[in-house]
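One-based numbering along the sequence shown. Any value given below was found using the heavy atoms of this structure, including those in side chains, with hydrogens, waters and symmetry copies removed.
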Amino acid sequence: ALGLGGATGRLEPGMAADFIVLDPLAANLRPQIDGVGVAVHSGSAGNVRHVFVDGRQLLDNGLPTAVDAAEVIQTAQTVADRLWKRARDQ
(Lines give C-alpha, C1' and ligand atoms only; values in the text may rest on other atoms or scores of the structure.)
Protein backbone atom coordinates (compact mmCIF):
# COMPACT_ATOMS: atom_id res chain seq x y z
CA ALA A 1 0.00 0.00 0.00
CA LEU A 2 2.85 2.39 0.75
CA GLY A 3 5.11 1.19 -2.04
CA LEU A 4 7.88 0.24 0.40
CA GLY A 5 7.85 -3.50 -0.24
CA GLY A 6 11.44 -3.58 -1.46
CA ALA A 7 12.82 -1.55 1.48
CA THR A 8 10.89 -2.95 4.44
CA GLY A 9 9.76 -6.20 5.96
CA ARG A 10 13.13 -7.67 6.95
CA LEU A 11 15.92 -6.86 9.41
CA GLU A 12 19.01 -6.97 7.24
CA PRO A 13 21.62 -4.55 5.87
CA GLY A 14 20.22 -2.04 3.41
CA MET A 15 16.63 -2.32 4.63
CA ALA A 16 14.76 0.50 6.37
CA ALA A 17 14.06 -0.49 9.98
CA ASP A 18 12.20 1.23 12.82
CA PHE A 19 11.94 -0.83 16.00
CA ILE A 20 12.32 -0.73 19.76
CA VAL A 21 13.77 -3.16 22.27
CA LEU A 22 12.03 -3.37 25.66
CA ASP A 23 13.60 -4.36 28.97
CA PRO A 24 12.76 -8.07 29.18
CA LEU A 25 13.20 -8.13 32.97
CA ALA A 26 10.89 -5.21 33.79
CA ALA A 27 8.43 -6.21 36.52
CA ASN A 28 5.50 -4.46 34.82
CA LEU A 29 6.02 -6.62 31.72
CA ARG A 30 5.71 -9.85 33.72
CA PRO A 31 4.37 -12.48 33.78
CA GLN A 32 5.08 -13.00 30.10
CA ILE A 33 1.91 -14.56 28.68
CA ASP A 34 1.12 -12.50 25.60
CA GLY A 35 4.15 -10.34 24.74
CA VAL A 36 2.29 -7.82 22.60
CA GLY A 37 -0.69 -7.59 24.96
CA VAL A 38 1.38 -7.05 28.09
CA ALA A 39 3.54 -4.43 26.33
CA VAL A 40 0.46 -2.53 25.10
CA HIS A 41 -1.49 -2.66 28.36
CA SER A 42 1.27 -2.51 30.97
CA GLY A 43 4.33 -1.11 29.22
CA SER A 44 5.64 2.42 29.58
CA ALA A 45 8.34 4.63 28.12
CA GLY A 46 10.62 3.53 30.96
CA ASN A 47 10.65 0.00 29.54
CA VAL A 48 12.30 1.13 26.30
CA ARG A 49 16.02 0.26 26.21
CA HIS A 50 16.92 0.71 22.53
CA VAL A 51 15.33 2.62 19.63
CA PHE A 52 16.30 2.26 15.98
CA VAL A 53 14.85 4.50 13.27
CA ASP A 54 15.70 3.90 9.63
CA GLY A 55 18.49 1.64 10.83
CA ARG A 56 20.09 4.32 13.07
CA GLN A 57 20.25 3.76 16.82
CA LEU A 58 18.70 6.75 18.60
CA LEU A 59 18.49 5.28 22.12
CA ASP A 60 21.17 3.00 23.56
CA ASN A 61 20.38 1.34 26.90
CA GLY A 62 17.95 4.16 27.71
CA LEU A 63 20.31 7.00 26.74
CA PRO A 64 19.89 9.18 23.63
CA THR A 65 22.63 8.92 21.01
CA ALA A 66 21.65 11.84 18.76
CA VAL A 67 21.54 14.62 21.38
CA ASP A 68 23.33 15.52 24.60
CA ALA A 69 20.69 14.64 27.21
CA ALA A 70 22.32 16.74 29.94
CA GLU A 71 22.35 19.78 27.67
CA VAL A 72 18.67 19.32 26.73
CA ILE A 73 17.70 18.98 30.40
CA GLN A 74 19.72 22.05 31.39
CA THR A 75 18.20 24.12 28.58
CA ALA A 76 14.69 23.03 29.57
CA GLN A 77 15.39 23.91 33.21
CA THR A 78 16.72 27.35 32.24
CA VAL A 79 13.62 28.07 30.17
CA ALA A 80 11.30 26.80 32.93
CA ASP A 81 13.07 28.94 35.54
CA ARG A 82 12.78 32.02 33.32
CA LEU A 83 9.06 31.41 32.65
CA TRP A 84 8.34 30.75 36.33
CA LYS A 85 10.12 33.95 37.34
CA ARG A 86 8.17 35.93 34.75
CA ALA A 87 4.87 34.44 36.02
CA ARG A 88 5.74 35.27 39.65
CA ASP A 89 6.78 38.84 38.79
CA GLN A 90 3.46 39.70 37.16
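Cluster partners of L58, using a side-chain heavy-atom cutoff of under 4.5 Å among ILVMFWY residues and allowing indirect links, are I20, L22, L29, V48, V51, V53, L59. Think of V40 as one node in a network of Ile, Leu, Val, Met, Phe, Trp and Tyr side chains linked at under 4.5 Å; its network also takes in V36.
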Table please: side-chain donor-acceptor pairs of residues 83-90 below 3.5 Å, with sequence neighbours left out.
from	atom 1	to	atom 2	distance (Å)
K85	NZ	D89	OD2	2.7

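Taking NE2 of H50 as the start and CG of L63 as the end, the distance is 10.0 Å to the nearest 0.5 Å.
Contacts of D68 classified as side chain to side chain donor-acceptor pair (under 3.5 Å), with partners at least two apart in sequence or in another chain: none. A search for side chain to side chain donor-acceptor pair (under 3.5 Å) contacts involving E71 returns nothing, not counting sequence neighbours.
Within the structure, the salt bridge (Lys or Arg N to Asp or Glu O under 4.0 Å) test picks out no pair touching residues 51-65 (sequence neighbours left out). Evaluation of the ring pair (Phe, Tyr, Trp, His ring centres under 6.0 Å) test over residues 17-40, restricted to residues two or more places apart or in two chains, returns F19-F52. Sorted by first and then second residue, the side chain to side chain donor-acceptor pair (under 3.5 Å) pairs involving residues 14-43 (not counting sequence neighbours) are N28-N47.
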